[in-house]
Amino acid sequence: MKLDRFFKSKVVENNKISFKEFLEEKFVKNPQKYSRSAHKYLFDAITYFGFDEERNIPKIFANELFGVDDKIREFMTILEAGANGHDVRRRIILFVGPVGTAKSTFVSIIKKALERYSRTEDGEIYAIEFCPIHENPLNLIPEDARDDFYREFGVKIDQELCPVCRYKLEELKYEDVSAVPVVRFTFSEAERRGIATFVPADWTSQDVSVLVGSENFRTVQELGDPSHPLAWNFNGSLFVANRGIHEFIELHKAKPDLLFPLITVAQERKVKVDRFGLIDVDEVLISHTNYAEYNKFVGKKENEALKDRTREINWIYNLKWDDEEKIYKKMLGETSYHLAPWTLKFIAGIAIMSRLSPDRDKKYDLLTSLKLYNGEYGAMYSEYHVDEMKHPDDGKFGISPRIAVDALSFASVGNTCVTPIRAYEKLEEIIKSGNVDISHKEFLALKDMILTEYNKFIKDAVFRAFIGSSFATEAQKYVDRYIENAQAFINGEKVKDPFTGNYVEPDEKFLRSIEELVGISKEAAKDFRMKILVKATNLLRMGKKITYDIHPLLKEAIENKIFGDRATFIRGSITSVVKTEEQEKHIQEAVEELKKVGFCEVCAREAISYVAYLLDVAR
């Protein structure tokens with residue numbers, strides 16, 4: 001195996017050129033590209049990698065984040081407004097939400113996008129070579145030439161050179177700025193170029209130097225002047241992040257005096273260093289915090305100035321059932337064990353219902369709300385009901401994805417397969433430990449609700465497995481027969497008897513045998529039949545085939561009919577304490593059928609045993 005390719009990485013060439021060459025060979029060919037603000041550059045970096053049209057979000061998020069599409073779109077709207085030069089670029093973008101809602105993951109993704117983009121041709125970006133804050137070469141344009149520069153190129157320069165650059169220009173005695181060296185640079189969080197992160201630490205040890213830098217005592221001794229530009233370390237995070245991103249983790253846990261510099265950076269886009277005055281920077285300010293810290297912060301009057309300079313995005317827990325499963329899959333990664341069907345769905349259902357406010361419209365219990373958030377409207381609901389069902393506190397509390405994934409991981413220890421029941425038991429242990437803001441009693445109530453849904457699924461799966469490949473054929477025969485008789489009934493016509501060839505009255509007894517299985521009364525039967533016929537007509541008009549799942553209630557009725565016809569046989573096969581050779585054969589055939597739809601040998605047999613238990617209890 002050749003390993004050479006792992007020893008080399010693509011390194012972007014330094015591309016050192018003079019400022020004059022930069023203007024003539026780079027800038028004049030594309031002024032907008034080489035004069036981009038931090039907000040514009042970040043927006044271009046995120047959108048460079050494509051767009052997921054179905055979810056309406058940039059592709060860099062599509063395979064990483066789920067259930068927060070509306071928050072991603074809200075962020076992109078703010079960023080685009082800043083990229084267009086609107087005043088929102090003078091705001092700190094603040095993600096507020098409970099722990100485990102992917103706030104940090106989101107910021108990490110855009111940091112990586114910024115790094116990758118800066119290595120592409122489209123992301124080419126230059127800086128003054130000797131500048132400690134890698135500022136834009138265009139800041140070299142003299143003040144008295146900037147109006148003409150704007151008229152010719154449409155680029156407005158509103159920032160001044162940093163103290164080090166001003167000193168270097170004087171020290172190196174440039175006749176003009178055309179010979180100043182500029183270099184291409186790339187963003188790097190690891191090397192602290194254009195990406196910085198501030199993490200609150202011990203109040204007694206952390207001071208403002210982490211943001212604005214500090215005095216270089218060795219240089220002060222050498223130069224004998226503490227106000228000399230070279231006597232200052234421009235390694236504070238606010239300087240490191242110039243032209244890129246500054247992330248503030250748990251912003252409101254920081255000492256108050258560390259928050260004050262942010263007001264100037266946000267509003268004026270300048271950093272205050274006493275010995276030098278205000279120094280220009282351009283960066284996207286992103287922070288995140290939880291509700292407890294945020295509420296304490298906004299409750300203090302002295303924080304009004306900083307709050308006024310923040311733009312909050314309410315980053316709540318995911319509330320979509322399908323997306324919660326995707327989150328778990330992403331967090332679990334490749335596993336050495338098998339996940340039984342419905343395992344993730346079972347835990348995800350409990351987690352999401354724990355995030356729903358109990359103080360909601362009584363028409364929408366937690367299970368109904370769970371399904372509506374997931375877009376499962378059924379025959380009774382629509383998008384209107386989703387809006388009516390929502391509660392403003394939904395998603396602000398509950399079981400986090402981290403807790404759920406911990407339970408799944410614990411359930412895998414010593415097992416080759418993790419089933420819904422094993423995962424639930426481990427989640428219950430975590431709840432009992434008191435590390436989650438939900439009582440054991442509340443948890444059991446949520447479990448019981450999800451269990452009813454799981455029982456439907458597992459009985460359906462096992463019954464289908466015993467019936468085997470003949471299920472689809474039988475189901476299609478039932479739906480064809482139902483539609484034929486329903487149409488004749490509605491139109492006052494007769495149907496052709498398949499055995500005698502004679503035309504006879506519609507089989508009302510058959511129609512009612514199907515409808516009664518899902519509780520459709522005799523009075524409601526005509527209306528139900530009309531709905532089925534309208535749906536069937538529309539499908540035929542579109543050239544589509546009519547299948548047994550044409551309507552959720554008809555689907556359920558036909559399944560119940562088929563399962564009912566075979567129930568005695570299936571019950572006898574799986575509930576017998578001592579099984580005959582024939583019964584064992586049927587069970588093994590069912591196991592093989594279950595393996596075709598995602599079960600393994602272990603969970604297939606456990607599923608059959610569990611359904612046997614359900615059938616015994618139901619007797």
Asks: For Arg512 and Ala525, which heavy atoms make the closest approach, and how far apart are they?
Replies: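 So the minimum-distance heavy-atom pair works out to NH1-CB, 3.8 Å.
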
Asks: Quick one, Asn538 and Lys535 - any side-chain contact, counting heavy atoms below 4.5 Å?
Replies: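 With C-beta onward as the side chain, the pair stays apart.
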
Asks: Check whether any side-chain heavy atom of Phe95 lies under 4.5 Å from a side-chain heavy atom of Ile286, and answer yes or no.
Replies: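 Answer yes - side chains close enough.
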
Asks: Using only atom types and a distance under 3.5 Å, with no angle test, would you say the side chain of Asn84 pairs donor to acceptor with the backbone of His86?
Replies: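 Here the side-chain-to-backbone pair does not exist.
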
Asks: Quick one: are Val68 and Thr101 in side-chain contact, heavy atoms under 4.5 Å?
Replies: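 Answer no - side chains too far apart.
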
Asks: Over 60° means perpendicular and under 30° means parallel, so tell me whether Phe510 and Tyr478 are parallel, tilted or perpendicular.
Replies: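 Judged by the thresholds at 30° and 60°, the geometry between Phe510 and Tyr478 is parallel.
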
Asks: To the nearest 0.5 Å, tell me how far Arg464 CZ sits from Ile562 CD1.
Replies: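 Taking CZ in Arg464 and CD1 in Ile562, the distance rounds to 8.0 Å.
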
Asks: Grab the two heavy atoms, one from Ile608 and one from Ala590, that are nearest each other, plus how far apart they are.
Replies: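 Closest approach of Ile608 to Ala590, heavy atoms only: CD1-CB, 4.2 Å.
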
Asks: Hey, could you give me the CG/CD distance between Asp549 and Glu559, rounded to the nearest 0.5 Å?
Replies: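 Reported to 0.5 Å precision, the distance equals 9.0 Å.
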
Asks: Are any of the side-chain heavy atoms of Val611 and Phe466 separated by less than 4.5 Å?
Replies: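 Heavy-atom side-chain distance check fails, nothing below 4.5 Å.
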
Asks: Is any side-chain heavy atom of Val418 less than 4.5 Å from a side-chain heavy atom of Thr335?
Replies: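 No, every pair of side-chain atoms sits at 4.5 Å or beyond.
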
Asks: Is the backbone of Asp359 close enough, under 3.5 Å, to the side chain of Ser357 for a donor and an acceptor to pair up by distance?
Replies: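 Confirmed, Ser357 side chain pairs with Asp359 backbone.
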
Asks: With a 4.5 Å limit on heavy-atom distance, are the side chains of Pro401 and Tyr317 in contact?
Replies: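 Yes, their side chains come closer than 4.5 Å.
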
Asks: In sequence, state the C-alpha distance, the side-chain angles, and the governing distance for Thr452 and Leu367, and then conclude on side-chain contact (heavy atoms from CB on, under 4.5 Å).
Replies: CA-CA 10 Å; Thr452 60; Leu367 186 59; 4.3 Å; yes

Asks: With a 4.0 Å cut-off, would you call Glu429 and Lys432 a salt bridge?
Replies: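 Looking at Lys432 together with Glu429, the answer is no, because their closest N to O distance does not fall below 4.0 Å.
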
Asks: Rounded at 0.5 Å granularity, tell me how far CZ in Phe66 sits from CD in Glu324.
Replies: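 One finds 11.5 Å between CZ of Phe66 and CD of Glu324.
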
Asks: Walk me through whether Tyr337 and Leu332 qualify under side-chain contact (heavy atoms from CB on, under 4.5 Å).
Replies: CA-CA 11 Å; Tyr337 53 88; Leu332 288 168; 3.6 Å; yes

Asks: Run the ring pair (Phe, Tyr, Trp, His ring centres under 6.0 Å) test on Phe528 and His551 for me, step by step, so that the C-alpha distance in whole Å, both residues' side-chain angles and the decisive distance to 0.1 Å come before the verdict.
Replies: CA-CA 10 Å; Phe528 178 72; His551 188 283; 5.3 Å; yes

Asks: Take atom NZ of Lys526 as the centre, draw a 6.0 Å sphere, and report whether it contains more than 12 heavy atoms from other residues, nucleotides or ligands.
Replies: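 Incorrect, the count does not exceed 12.
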
Asks: Given the ring of Trp321, does Lys345 sit roughly above its face, with NZ or CZ under 6.0 Å from the centre of the six-membered ring and within 45° of the axis?
Replies: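 Yes, Lys345 and Trp321 form such a contact.
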
Asks: Looking only at atom types and distance, does a side-chain atom of Ser108 sit under 3.5 Å from a main-chain N or O of Ser104, one as donor and one as acceptor?
Replies: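 Answer holds: no.
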
Asks: Does any part of the side chain of Leu319, heavy atoms only, come nearer than 4.5 Å to the side chain of Leu356, both counted from C-beta?
Replies: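 A side-chain contact exists here, since the closest heavy-atom pair is under 4.5 Å.
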
Asks: Not counting sequence neighbours, list each pair that qualifies as a side chain to side chain donor-acceptor pair (under 3.5 Å) and has a residue in residues 386-400.
Replies: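 For residues 386-400: Arg360-Asp394, Lys363-Glu388, Tyr364-Glu388, Tyr373-Asp394, Tyr384-Glu388.
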
Asks: Hey, is the main chain of Asp322 close enough, under 3.5 Å, to the side chain of Asn374 for a donor-acceptor pair?
Replies: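 Side chain of Asn374 to backbone of Asp322: a pair is present.
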
Asks: Between CZ of Phe61 and CZ of Phe51, what distance do you get to the nearest 0.5 Å?
Replies: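 So the gap between those two atoms works out to 10.0 Å.
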
Asks: So Tyr610 and Tyr454, side-chain contact (heavy atoms from CB on, under 4.5 Å) or not? Walk me through it.
Replies: CA-CA 11 Å; Tyr610 182 69; Tyr454 173 66; 3.8 Å; yes

Asks: Give a yes or no on whether the backbone of Ser439 and the side-chain of Glu442 come within a donor-acceptor separation of less than 3.5 Å.
Replies: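 Yes; judged by distance alone, with no hydrogens or angles, the pair exists.
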
Asks: Between Glu515 and Tyr482, does the side chain to side chain donor-acceptor pair (under 3.5 Å) criterion hold? Intermediate values first, please.
Replies: CA-CA 10 Å; Glu515 294 157 355; Tyr482 182 87; 2.6 Å; yes

Asks: Under 3.5 Å, is there a donor-acceptor pair between the side chain of His338 and the main chain of Gly598?
Replies: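 It does hold such a pair.
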
Asks: What is the distance from atom CD1 of Ile546 to atom CD1 of Ile550, rounded to the nearest 0.5 Å?
Replies: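 Output value for this atom pair is 5.5 Å.
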
Asks: Any donor and acceptor pair, going by atom type alone, linking the side chain of Lys71 with main-chain N or O of Asn314 inside 3.5 Å?
Replies: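 Between the backbone of Asn314 and the side chain of Lys71 there is a qualifying donor-acceptor contact (under 3.5 Å).
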
Asks: Give me the ring orientation class for Trp342 and Phe346: parallel if the planes are under 30° apart, tilted from 30 to 60°, perpendicular past 60°.
Replies: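 Plane angle over 60°, so perpendicular.
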
Asks: List the steps and the verdict of salt bridge (charged side-chain N to carboxylate O under 4.0 Å, His left out) for Lys531 and Asp527.
Replies: CA-CA 6 Å; Lys531 288 179 181 178; Asp527 183 55; 3.8 Å; yes

Asks: Show the nearest heavy-atom pair for residues Ala536 and Ile483, with the distance to one decimal.
Replies: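 Looking at all heavy atoms of both residues, the shortest contact is CB-CD1, 4.2 Å.
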
Asks: Strictly below 4.0 Å, N to O, side chains only: are Glu474 and Lys561 in salt-bridge contact?
Replies: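 Salt bridge between Glu474 and Lys561, a charged N being under 4.0 Å from a carboxylate O: no.
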
Asks: What pairs with Lys544 under side chain to side chain contact (heavy atoms under 4.5 Å, CB included), at least two apart in sequence or on another chain?
Replies: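 With neighbours one apart ignored, the set is Leu539, Met542.
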
Asks: Looking only at non-hydrogen atoms, find the nearest pair between Ala488 and Pro506 and report the distance.
Replies: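 Result for this residue pair: CB-CG, 3.7 Å.
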
Asks: When you look at Arg422 and Glu606, which way does the salt bridge (charged side-chain N to carboxylate O under 4.0 Å, His left out) test go after all the steps?
Replies: CA-CA 11 Å; Arg422 285 199 187 100; Glu606 287 193 17; 2.7 Å; yes

Asks: Between Phe457 and Pro341, which heavy-atom pair has the shortest distance, and what is it?
Replies: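 That would be CZ-CB, 3.9 Å.
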
Asks: Are the charged groups of Asp323 and Lys326 less than 4.0 angstrom apart, N to O?
Replies: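 Salt bridge: yes.
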
Asks: Side chain to side chain donor-acceptor pair (under 3.5 Å) between Gln588 and Glu592: does it pass, once the steps are laid out?
Replies: CA-CA 6 Å; Gln588 186 55 46; Glu592 295 304 318; 2.8 Å; yes

Asks: State whether the side chain of Lys447 and the backbone N or O of Tyr424 hold a donor-acceptor pair below 3.5 Å, judged by distance alone.
Replies: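 Not a single qualifying donor-acceptor pair exists.
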
Asks: Do other residues, nucleotides or ligands put more than 12 heavy atoms under 6.0 Å from the CG atom of Asp437?
Replies: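 No, CG of Asp437 has 12 or fewer neighbouring heavy atoms, counting only those of other groups under 6.0 Å.
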
Asks: Report the C-alpha distance between Ile399 and Ile430 in whole Å, list the side-chain angles of each, state the deciding distance to 0.1 Å, and finish with yes or no for side-chain contact (heavy atoms from CB on, under 4.5 Å).
Replies: CA-CA 10 Å; Ile399 298 172; Ile430 296 174; over 6 Å; no

Asks: Looking at Tyr291, is its backbone amide N or carbonyl O close enough to the side chain of Asn295 to form a donor-acceptor pair, meaning the two atoms are under 3.5 Å apart?
Replies: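 Yes, because the side chain of Asn295 sits within donor-acceptor range (under 3.5 Å) of the backbone of Tyr291.
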
Asks: Taking Arg605 first and then Glu601, would you say they form a salt bridge - that is, a charged N and a carboxylate O separated by under 4.0 Å?
Replies: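 Counted as a salt bridge, because a side-chain N and a carboxylate O are separated by less than 4.0 Å.
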
Asks: Just checking Asp87: does its CG atom have more than 12 heavy atoms from other residues, nucleotides or ligands closer to it than 6.0 angstrom?
Replies: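 Count over threshold, so yes.
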
Asks: Please report the interatomic distance CG(Asp52) to CG(Asp69), rounded to the nearest 0.5 Å.
Replies: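 Reported to 0.5 Å precision, the distance equals 8.0 Å.
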
Asks: Would a distance-only check, ignoring hydrogens and angles, find a side-chain to backbone donor-acceptor pair under 3.5 Å from Asp365 to Thr368?
Replies: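 Answer holds: yes.
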
Asks: Hey, does Glu74 have a side-chain heavy atom less than 4.5 Å from the side chain of Arg311?
Replies: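 Yes. Closest side-chain heavy atoms under 4.5 Å.
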
Asks: Quick one: do the Thr547 and Lys545 side chains pair a donor with an acceptor below 3.5 Å?
Replies: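 Looking only at side-chain atoms, Lys545 and Thr547 do not form any donor-acceptor pair under 3.5 Å.
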
Asks: Search all heavy atoms of Leu533 against all heavy atoms of Ala486 and return the closest pair with its distance.
Replies: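 Looks like CD1-O, 3.9 Å.
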
